[in-house]
Visitor: 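I am attaching a structure below and will ask some questions about it afterwards.
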Amino acid sequence: MTMRTRFAPSPTGVLHIGGARTALFNWLLARRHGGAFVLRIEDTDTERSTRESIDQIIDAMSWLGLEADEGPFLQTDRLDRYRTVAHQLLDAGLAYRCYCSREELAAMREEQRSRGLKPRYDGRWRSRTTAVPGVDPVVRFKNPVAGSVRVRDRIRGEVVFENSELDDLVILRSDGIPTYNFSVVIDDADMGITHVVRGDDHLNNTPRQINIMSALDLSPPEYAHVPMILGSDGSRLSKRHGAVNVTDYREAGYLPEAVLNYMVRLGWSHGDQEIFEVDEMIRAFSLEQVNESAASFDPDKFLWVNEQWLRRAPNHRLARLLASYLEGAGVEGVGLAGTPPLEEIVDVQRHRAKTLVEMAEKSLFIYRAVEAYAPKAAKQHLRGVALPVLKRLHERLGELGEWTVASTQAAVESVAGELELKMGKVAQPLRVAVTGESASPGIGQTLALIGREKTLRRLVRAVEFVKARMARAQ
RNA sequence: GAUCCGGUGGGCGAAUGGUUAAGCCACGAGGCUUUCAACCUCGUAAUUGCGGGUUCGAAUCCCGUCCGGAUCCCCA
């Protein structure tokens, strides 16, 4: 039997790191075993589900490259099917109508809780058949009252639940919409899902689902409950912990392969390997190696992983991406005449940034005239002693034949030699003059990227700046 | 509260019951250097939550305990 896995998010928000990892594990398994990966949208919570969320989830998955082989299927398109099955159960005496009001149920729970018991429906409509006029009943599943349910989990091993701990859960709401535990069973069966891989917050639901399956004469799929992802403080990962949505990372300049790489290592490992190509993940991934304990999300390591992938990405691809991040930062005319080819920028910046956003920020000096020198940098390097240096640099660079990394670098070195100064005393004032900052790529690279005209113009301006400053000091 | 799951340096995590508990991130020091990075070298950091038991030998098996999380809804 070919493996069929699924990802079944509820469209009540955007794709979260935890959900994306679940999707990844499922996708990996299907790829590994030549099976199919199904996307199913669990939108039976009509109050909170939105079309916008569905679109965002699909968009994020597609960015990550987690394309579904089948779907997306929407549960709200299958309502008739759930009702049909619910009626089969009703007819077979395996489910019943319950006319309790919400207030009545709340009171029941309150009473049980006050007695230190686990709040459960007490089955008061289990054997009653008289309808209550004017009340739309819910349909409840008749859960077995005795015995136990064994969940065979590929990650946790065998977990046993006593039926006496379970109650008769609602499978169809009074408006005829099924609840999660019911629709999930029918869909997994109808869609031929062989492996259910999901967060371990679902482990406690599994015995209920298995009981429904038994009533329907279905055999359960393989289960694998993956550990949750926690924030740095040990609580469940949430917005409080900063960016947690997949799209946040796209915006922050992460590469999709880095996101996949970081996610796959959260709860799973393969010896001491840290970096995985997608193909390597597919070959190496197995449920048996998935950890049982929850993992904390570590933004620092994620950043490092992205840096690793920035190094591996082909130049032309990074160039194309960098262009859009530069435009996002408000730069106009990216890649046009008068600006260096993007691939040259990528060449010098790819080892100097951990994200594309950072790469764009560090490249702004190429496009923008220096509006204001960084105060500390100016104070330290644009001083009176720098005046002759800057003037000489302007002369020497101005008479340069060709303007390249090597020629500009050599010119700067020759000025240093001529003035009997260390490179630091020459390159730093120059760097601040042309970039406004005390840090930039190698001085030759910096000048080559800026270009002759802009360099000379900025040098003139720096000379003026130093003069004005000296005048003020007197 | 009940039930279920988990617990190895600050984080991710490795380790058939068998040396001195891998590796990576972060952190610190040094090197390289025109700056910032990158890179190279070295280093700090763990009575494997705690207590007991089994065993020649326990991170690993058993019991207890503590802590954390999940579920208990006409949410998923």
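Both backbone and side-chain heavy atoms feed into the values below; hydrogens, waters and symmetry mates do not. Residue numbers begin at 1 in each chain, while the letters A, B, ... track the order of the sequences.
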Visitor: So do the side chains of A/Leu326 and A/Leu342 get within less than 4.5 Å of each other, counting heavy atoms only?
Guide: yes
Visitor: Please give, in whole Å, the distance from B/G1 P to A/Leu117 CG?
Guide: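 One finds 13 Å between P of B/G1 and CG of A/Leu117, rounded.
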Visitor: Hey, does the side-chain of A/Asp272 have a donor or acceptor N/O within less than 3.5 Å of a partner on the base of B/A14?
Guide: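 Result: no qualifying N/O pair found.
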Visitor: Write down the distance between CG (A/Leu105) and P (B/C72), rounded to a whole number of angstrom.
Guide: 15 Å
Visitor: In this structure, how many angstroms lie between the C1' atom of B/A38 and the NE2 atom of A/His351, rounded?
Guide: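 The distance from NE2 of A/His351 to C1' of B/A38 comes to 7 Å, rounded to the nearest Å.
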Visitor: From B/A76, B/G1, B/C24, pick the nucleotide closest to the side chain of A/Asn205?
Guide: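 Closest nucleotide to the A/Asn205 side chain: B/A76.
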Visitor: Using whole Å, what does the distance between atom P of nucleotide B/C74 and atom CZ of A/Arg102 come to?
Guide: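 To the nearest whole Å, that distance equals 7 Å.
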Visitor: Does B/G28 have a Watson-Crick or wobble mate here (both distances under 3.5 Å), and if so which one?
Guide: B/C42
Visitor: Using whole Å, what does the distance between atom C1' of nucleotide B/A26 and atom CZ of A/Arg265 come to?
Guide: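 Result: 15 Å.
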Visitor: Closest to the A/Asn291 side chain: B/G13, B/G23, B/A38?
Guide: B/G13
Visitor: If you count heavy atoms of other groups shown closer than 6.0 angstrom to CZ of A/Arg383, is the number above 12?
Guide: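 12 or below, so no.
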Visitor: Of the listed nucleotides (B/C25, B/A76, B/C12), which one gets closest to any side-chain atom of A/His202?
Guide: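 The closest nucleotide is B/A76.
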Visitor: Considering only residues two or more places apart or on different chains, which pairs with a residue in residues 134-158 of chain A satisfy ring-ring contact (aromatic ring centres under 6.0 Å, His included)?
Guide: none
Visitor: Provide, to the nearest angstrom, the distance between the CG atom belonging to A/Asp175 and the P atom belonging to B/C74.
Guide: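 Those two atoms, CG and P, are 12 Å apart.
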